[in-house]
Amino acid sequence: MEARTVDDWVRCYQREFRLPVRERGGFVMLPITDRLCVVHLPTMRAEKVLTALREQRREGPVLARQIRWSVLAVPDARPSEEEAAELAGLDIDIPGTGSAVMLPTNLGRWSREGCHWVRPPSGGGDTLPALSLVLRIAVTAGPQRVSTALSESGDRGKLRYDRDGVGPR
């Protein structure tokens, strides 16, 4: 199928890739639901996650923007508050149900949306990895420098992960 307009791309994503996309404001949007979610990861960590998923033959579509990649997954379980705090400290984000992710309107490297597919969806639909698997790999995959911070009271503080793996935050 040769897609030229946003409506063409919506039909393409729906028919060819079986993704539940919608047009919104002139863009192709993928809604986050109770059946489909996205994990946003810093690029270096995401590359390691994709490699691990490939090794396990569990990779699904992966979308790239300048500094973050988005891994499509099946939401088998949401992280607890404690886990969510750890993920936030690693700059890993899971958009909530009801939000949406913009998809590119071409399959090349650059699109007007500023994103491209690192691992595009496949024809006939993909078997997406479980959210818990993606998160488990993501937490262990990236640089995890841990710094012990001094609190204002002079006591030893909590262990803190830096966001980019470069140094303490």
Side-chain angles (χ1 to χ4, degrees), residues 1-81 83-84 86-88 90-142 163:
M1 172 182 195
E2 188 174 325
R4 295 184 183 185
T5 68
V6 170
D7 289 335
D8 290 344
W9 276 101
V10 167
R11 284 189 294 278
C12 177
Y13 279 118
Q14 289 172 342
R15 291 182 185 155
E16 305 279 328
F17 306 126
R18 296 185 183 156
L19 292 173
V21 299
R22 301 284 180 257
E23 182 278 333
R24 189 184 316 156
F27 294 97
V28 179
M29 303 300 290
L30 178 66
I32 305 304
T33 67
D34 61 348
R35 294 184 183 150
L36 179 107
C37 66
V38 173
V39 180
H40 296 305
L41 303 156
T43 302
M44 289 177 58
R45 186 176 301 273
E47 289 170 343
K48 293 177 182 180
V49 168
L50 181 57
T51 298
L53 289 170
R54 280 186 177 142
E55 289 170 357
Q56 296 180 29
R57 300 180 192 268
R58 299 288 304 163
E59 79 221 79
V62 177
L63 189 62
R65 289 184 168 70
Q66 285 185 340
I67 61 170
R68 298 176 68 72
W69 286 12
S70 301
V71 178
L72 275 61
V74 174
D76 58 336
R78 290 300 242 182
S80 68
E81 284 187 36
E83 291 166 330
E86 179 182 9
L87 294 171
L90 296 171
D91 202 20
I92 298 170
D93 182 49
I94 307 162
T97 301
S99 60
V101 174
M102 186 184 310
L103 300 185
T105 51
N106 75 45
L107 296 177
R109 177 81 173 156
W110 304 109
S111 68
R112 71 182 181 104
E113 297 82 7
C115 59
H116 67 277
W117 290 107
V118 173
R119 199 278 190 182
S122 64
D126 287 289
T127 301
L128 301 177
L131 174 61
S132 59
L133 174 64
V134 174
L135 294 179
R136 188 169 46 256
I137 294 169
V139 167
T140 60
R163 290 185 175 262

So which atom in [X] and which in [Y] form the shortest heavy-atom distance, rounded to 0.1 Å?
X   : Y    : result
H40 : S70  : ND1-OG, 2.6 Å
T33 : P75  : O-CG, 4.0 Å
R24 : A100 : NH2-CB, 3.8 Å

To the nearest 0.5 angstrom, please state how far the [atom1] atom of [X] sits from the [atom2] atom of [Y].
X    : Y    : atom1 : atom2 : answer
R65  : E113 : CZ    : CD    : 8.5 Å
L41  : I137 : CG    : CD1   : 10.5 Å
T127 : E59  : OG1   : CD    : 11.0 Å
I94  : R78  : CD1   : CZ    : 5.5 Å
L135 : L87  : CG    : CG    : 5.5 Å
L50  : T43  : CG    : OG1   : 12.0 Å

Exercise for the section: Using side chain to side chain contact (heavy atoms under 4.5 Å, CB included) as the criterion, list what pairs up with R4, not counting sequence neighbours. Expected result: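 If we apply the side chain to side chain contact (heavy atoms under 4.5 Å, CB included) test to R4, skipping adjacent residues, the hits are E2, D8.
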
Practice task
Go through L72 and L30 one step at a time and tell me if the side chain to side chain contact (heavy atoms under 4.5 Å, CB included) criterion holds.
Solution key: CA-CA 10 Å; L72 275 61; L30 178 66; 3.8 Å; yes

Problem - Neighbour count >12 (heavy atoms, 6.0 Å) for atom CZ, R35 - result: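 12 or below, so no.
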
Handout entry: Pairs touching residues 128-137 that satisfy side-chain hydrogen bond (donor to acceptor under 3.5 Å, both in side chains), sequence neighbours left out
Key =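 For residues 128-137, and leaving out neighbouring residues, the side-chain hydrogen bond (donor to acceptor under 3.5 Å, both in side chains) pairs sorted by first residue read D76-S132.
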
Practice task
Answer yes or no: is there a donor N or O on one side and an acceptor on the other, between the side chain of R45 and the main chain of A138, under 3.5 Å?
Solution key: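 A pair under 3.5 Å: yes.
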
Practice task
Could I get the full list of ring pair (Phe, Tyr, Trp, His ring centres under 6.0 Å) partners for Y13, not counting sequence neighbours?
Solution key: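 With sequence neighbours excluded, Y13 shows a ring pair (Phe, Tyr, Trp, His ring centres under 6.0 Å) to W9, F17, given in chain and number order.
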
Handout entry: Stepwise side chain to side chain contact (heavy atoms under 4.5 Å, CB included) test for H116 and N106
Key = CA-CA 8 Å; H116 67 277; N106 75 45; 5.9 Å; no

